[in-house]
Amino acid sequence: MSTSDPSAERPRENFIYDIIDEDLDQGTYGDRVVTRFPPEPNGHLHIGHAKSIVLNFGIKHDYADRADTQCHLRFDDTNPKTESPEYVESIKDAVNWLGYDWEDHEYHASDYFEQFYRYAITLIKQGDAYVDSLSEEKIREYRGTVDEPGTPSPYRDRSVEENLELFCKMKAGEFEDGEHVLRAKIDMSSPHMIMRDPLLFRILHAPHYRRGDEWCLYPMYDYAHPLEDAIEDVTHSLCTLEFDNNRRVYDWVMEHCLDADEIPARPRQYEFNRLNLGYTVMSKTKLRHLIEEDLVDGWDDPRLPTISGLRRRGVPPSAIRSFCREVGVTRSQSRVQIGHFEHALRDDLNPTAPRVMAVLDPLKVVVTNWDEDEVDWINANHWPRDIDKDETRPVPFAREFYIERGDFREDPPEDFIRLAPGREVRLRHAYFFTCEEVVRDEDGTVTELRGTIDPDTRDSTAPDGRSPDGTLHWVSAAHGIPFEARLYDRLFGVPDPDAREDHFTEFLNPDSLNVRQGVLEPAVRDLDTDQRVQFERQGYFWADPDTSRPDALVYNQIVPLRDTWSGGEEGLTQEELAQQRREKEQRKEEQRRRSLEGKTDPAEHLDDAQRDRFTHFHNELGIDREDAATMAGDDALADFFEQALEHYDAPEPLANWTVNELLGRLNDRTVAALPLGPDEFADLVRLVDAEVISTRGADEVFHELVENGGDPEAIVDARDLRQVDDTEALRPTIQAVLGDHPDEVARYRDGKKGLIGFFMGQVMQATDGAANPELARTLLQEELEPAA
RNA sequence: UGCCCAGUAGCUCAAUUGGCAGAGCGUCCGGCUCUGGACCGGGAGGCUGGUGGUUCGAAUCCACCCUGGGCAACCA
C-alpha cells in the first residue's frame, strides 16, 4: 500500500515500539509519546536521515489513536561556525516533501541558550561543574587514554564563588576563545572516556545565524542535547548507535540538572542502527566532496542519496517511507542491499505508473506489407491485467516504426526470445511481426529491418492459436516524439566505497549516467508533466523537473525493471550464492578454531586474596573451576555466597544459583543493593533442593525477592507454588491442556516433537509453575503416545 | 589486556521475555493467451559465532573465548 498519507502505512514492529508500549502500560509519561528529529542545520538531508524522520514521525502517527503524540522538528544549532539558515529551509522542505508535518513544534536549540546558562549556574552551585583554564592540548593530555586513567585538572577544585565569577565573565565576553571552558565534575578515572569531566561550554566569538553576537558562550552537544529534550518534554529521544556512549552523560545531565520530581518522567535516549546503503556514500563530508570536486552535478544530482537528489530523480516520498519502514530498526549494524531500495520503488510505482512505450536506442523497422499512408490507431490499455485500472490511450501503428536495438540479434543465443532473422515476435498491443531482411551500411552496422505483419493478429492473438515467446515494445517513426533519456546506475562500483583503503572516489562508477536519444509514443503529451510512468519492459521514468521542456523532453529513469535475463544486477546467481555459503562456512570454522585456542584458565586474572578464595571454593567445597573463579573474582558476590553457605550448607546448589541466577538478575547493581539477603537466598535454594518447589516456581519466587524482598516460604504459600508431585492431581491438568490444543496434538502425533516444549509451557503456566516438570513431561508423553 | 554494542537462512530482520526457530528480499521450480520485469502457487536454504555450565526444557540465563563495530573533538 502506498498513498500520500503517511498515517495509512502500517507500522513495523521494532524494539523501540516495545519500549513505548511498555511505557504506555506503565504510565511512565502518562499518555504522552513525544519524539523529535534534531538535525544540525549544516548540510542537506539524505536517505539516512529519512530513516530517522520516518521512525520519529512514524511513531507520532502510529500511536495517535492510543496516546497524545507529538514529533518535534528541532534544529540543533549550537555551533555557529557551520550552520546557516539556507540549511534550515532545505531541511524543512525535505521533511515536508517526505509527507510529515511538525505542526507548531518547530524548535531551535539556540532559543534555549539562556536556560542552558541557568542550568550551568545550578551545576556550579551544586559543585557539579567547574571552570577549567587548561589549554585545549592540556585537557586532552590530562584526559588519559583508553587504558590509563586521566589526571584531574589543577583547576578542578576551584571554589564555587570563583567558578561562578569566572563563568559570568566568560559569558560577558571577557576572555578569548579557548581561555576557559566549563566542565562537568564527574570522574577523571572512569573507564568511560566520555565521563572524564566532559566539556559543557566553550568560548566562541562567532556570530550565530539566529542569535547574532548575543552569545560568545556555546554549549556542547552532550550538555545541550539532554536539556533540549527535557525542555521540550520529549519522552523518547531516538538517535543512532554511535551515541551509545554519550547516553552516560545524557543521563548524568538529567540526574544533576532536573528537579527530583521531574526525574521519573524524564526523557530517555535509545539508540538504533543507522542506515547504510550499498554502492553509495552517506556522510556529509563525502557528499560535499563529490559536489565540490564536480564529480556530480550538485546536491540534487539524481545519482545521490540526498533527499533532493532522490526527489529530482522521481522517487515518490511514499516509496521512501515504505522503504524506511521495511529496513530494520535494531541495535545491530548492517548494510542494506541497494536491491531492497529498488524493490521498494517498484512496489510503490507498479500500481501508480501508467504504462507507455518508449524506445531508448532506436532501430528502424519497415513493414513491407503495410501501405505507406495507412495508420492504425490502436486503443492500448495504460495498465496491465493484474492492476485493477482501465484507462486507454490511442497508439498509432504505421509502415515504419522503431524497436530497441538490443531486441534484435542476427545470431541469437539459445534462450533469446526476441527478434532475429526469420523469427516472429509479438508487437506489444499490435500485430505479430516476422523479420525477413536485414539492411546494413558500409561498416556492416545494421541500419534497418524489413519484414511483414500478420493482419489477422491485431488483437495479439492468432486464429491458428500460435503464440510467439517474445513481446517487443515499439514506437511509430512518423508519430514518435524524440526525447532524451537519462539512465542512472549506482554511483560506485563497490558496495562499500567508504570502508576501503583507497580514497572513496577511486571507486566511482564511470557509467553511473547514461544519456540516450530515444523516441516516445505521442500519448505522453496527454499525461501530466509530473506523472511517473513505466516505459514498458524498461523501467519507471519521469520528466526531469529542471531541464525537461515541452519541445525538448528529458526523462529521468527512477528505477529499472527487474531483469532476470540479462544477468541480474541485484540478485545473486546460484554460483555466487554457493560461494557466499562456502565463505560463511569457512568463517565459522576459523572462528571456532580461534575461540578454542583463545580459551584461558578462569582463575588466571585473580589477585592473591581472590585466588585463596578460589582454591577454597574449588578444592574444599568441590565447586567447578569456572563457577569458583566467577564468584571469587567478585568480592561482594563471594561474601554473599559464604554468608548464604552458613545458613544452608550446600555448596554446589548455592554456587549454581549464585552464578547462574543471581548474577543474571544483578545487571549494574551489587548484591548489597538487593532487597534480599543471603539468608533468604539460602532458604530459597533449600526449598528447591528439597523439591518443595520446582525450578520454575523458584524462578517466580526469586523474581519477587529481587524486586521486593520477603520470606521465600511465605511467598510460596501466598502464591500456592508448592510442587505438585502427585500423578492423579496432575493428570487432569494435562488432559485439559491437550484438550484445549487439538491442532498441536495432531501435529505432535504427526512428528513435530518439538511441540513437547509448547505443552510443557502450557502445563507450567496452568499450574503457575507448581507442576513437577519431570513428572509433567512423563505424563504428557504418556497421553500423547497412548498406544506406545 | 579498558569500556560499550552486536553476532539467528545468501541478505535484512522476527521469535509473546526460558517453551513449535519464523517473515520479507534474493534464489530455484510451476502457473498466468499478449511486459523475460507484474501477479499467483510451491520448494530449497539453520549446529541461532564457538566451548562448557544452569534447567524437565536455552537463540534467550551464567562463564570463558572468537569475530565485527563504536568510544580517547573546545563537532553533532
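First the proteins, then the strands, lettered A, B, ... as listed; each starts at 1.
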Inset, instruction - Give a yes/no answer on whether the side chain of A/T82 brings an N or O atom under 4.0 Å of OP1 or OP2 in B/C75. - result: no
Legend entry - Rounded interatomic separation in angstrom, taking CD from A/Q762 and C1' from B/G19: 9 Å
Inset, instruction - Ignoring hydrogens and angles, state whether a donor on the side chain of A/Q591 or A/R594 is under 3.5 Å from an acceptor on the partner side chain. - result: no
Inset, instruction - Measure from the side chain of A/Q333, starting at C-beta and using heavy atoms only, and say which of B/G69, B/C62, B/C3 lies closest. - result: B/G69
Inset, instruction - Send over the distance from A/Y218 OH to B/A76 P, rounded to a whole Å. - result: 12 Å
Legend entry - Distance test, side-chain N/O of A/R385 to OP1/OP2 of B/U35, below 4.0 Å: yes
Legend entry - Identified side chain to side chain donor-acceptor pair (under 3.5 Å) partner of A/E583 from the options A/R581, A/R587, A/Q579: A/Q579
Inset, instruction - Could you tell me whether the phosphate oxygens of B/G49, OP1 or OP2, come under 4.0 Å of any side-chain nitrogen or oxygen in A/K584? - result: no
Legend entry - Separation of atom CZ in A/R426 from atom C1' in B/C32, rounded to whole Å: 13 Å
Legend entry - Complement of B/U54, any strand, by Watson-Crick or G-U distances under 3.5 angstrom: none
Inset, instruction - Return yes if the base of B/C66 and the side-chain atoms of A/R594 contain a donor-acceptor N/O pair under 3.5 Å, otherwise no. - result: no
Inset, instruction - May I have the distance from A/M193 (atom CE) to B/A72 (atom P), rounded to whole angstrom? - result: 8 Å
Legend entry - Whole angstrom value for the distance that separates P of B/G37 from CD of A/Q557: 17 Å
Inset, instruction - Respond yes when some side-chain nitrogen or oxygen of A/R665 is under 4.0 Å from OP1 or OP2 of B/C61, and no when none is. - result: no
Inset, instruction - State whether A/R592 places a side-chain N or O below 4.0 Å from either non-bridging phosphate oxygen (OP1 or OP2) of B/U51. - result: yes
Inset, instruction - Kindly label the base of B/U48 as syn or anti, based on whether its glycosidic torsion lies within 90° of 0. - result: anti
Legend entry - side-chain N/O A/R777 vs B/U55 OP1/OP2, d < 4.0 Å: no
Legend entry - Whether A/R196 side chain and A/R143 backbone form a donor-acceptor pair below 3.5 Å: yes
Inset, instruction - Could you work out which one of B/G50, B/A38, B/A76 sits closest to the side chain of A/S595? - result: B/G50
Legend entry - Nearest listed nucleotide, side chain of A/T695, among B/C75, B/C56, B/G22: B/C56
Inset, instruction - Could you tell me whether a side-chain N or O of A/K389 sits under 3.5 Å from a main-chain N or O of A/H382, the two making a donor and an acceptor? - result: no
Inset, instruction - Examine B/C47: is either OP1 or OP2 under 4.0 Å from a nitrogen or oxygen in the side chain of A/K588? Give yes or no. - result: yes
Legend entry - Short side-chain N/O contact to B/C13 OP1/OP2 from A/N273, under 4.0 Å: yes
Legend entry - side-chain N/O A/S332 vs B/C5 OP1/OP2, d < 4.0 Å: no
Inset, instruction - Measure centre to centre between the rings of A/H225 and A/F243, then say whether the value is under 6.0 Å. - result: no
Inset, instruction - Report which part of the nucleic acid A/L277 touches: base, sugar-phosphate, or nothing (heavy-atom distance under 4.0 Å, all strands). - result: nothing
Inset, instruction - Report the distance from atom CZ of A/R593 to atom P of B/G50, rounded to the nearest whole Å. - result: 16 Å
Inset, instruction - Please check the phosphate of B/C3 (OP1 and OP2 only) for any side-chain N or O of A/R248 closer than 4.0 Å. - result: no
Inset, instruction - For B/C75, take OP1 and OP2 only and decide whether either is under 4.0 Å from a side-chain N or O of A/T78. - result: no
Inset, instruction - Report yes if at least one side-chain N or O of A/R587 is closer than 4.0 Å to OP1 or OP2 of B/G50; otherwise report no. - result: no
Legend entry - Phosphate OP1/OP2 of B/A72 contacted by A/T145 side-chain N/O (<4.0 Å): no
Legend entry - A/W657 and A/F702 aromatic centres sub-6.0 Å: yes
Legend entry - hbond_proxy A/Q534 side chain to B/U35 base (donor-acceptor, 3.5 Å cutoff): yes
Inset, instruction - Test for a donor-acceptor pair under 3.5 Å between the base of B/C64 and the side chain of A/K599, counting only N and O atoms. - result: yes
Inset, instruction - Give none if B/G46 has no partner; otherwise give the nucleotide forming a Watson-Crick or G-U wobble pair with it, both distances under 3.5 Å. - result: none
Legend entry - Interatomic distance where CG belongs to A/N276 and P belongs to B/G68 [whole Å]: 17 Å
Inset, instruction - Write down the distance between CD1 (A/I387) and P (B/A38), rounded to a whole number of angstrom. - result: 11 Å
Legend entry - Nucleotide opposite B/G18 in a Watson-Crick or G-U pair, distances under 3.5 Å: none
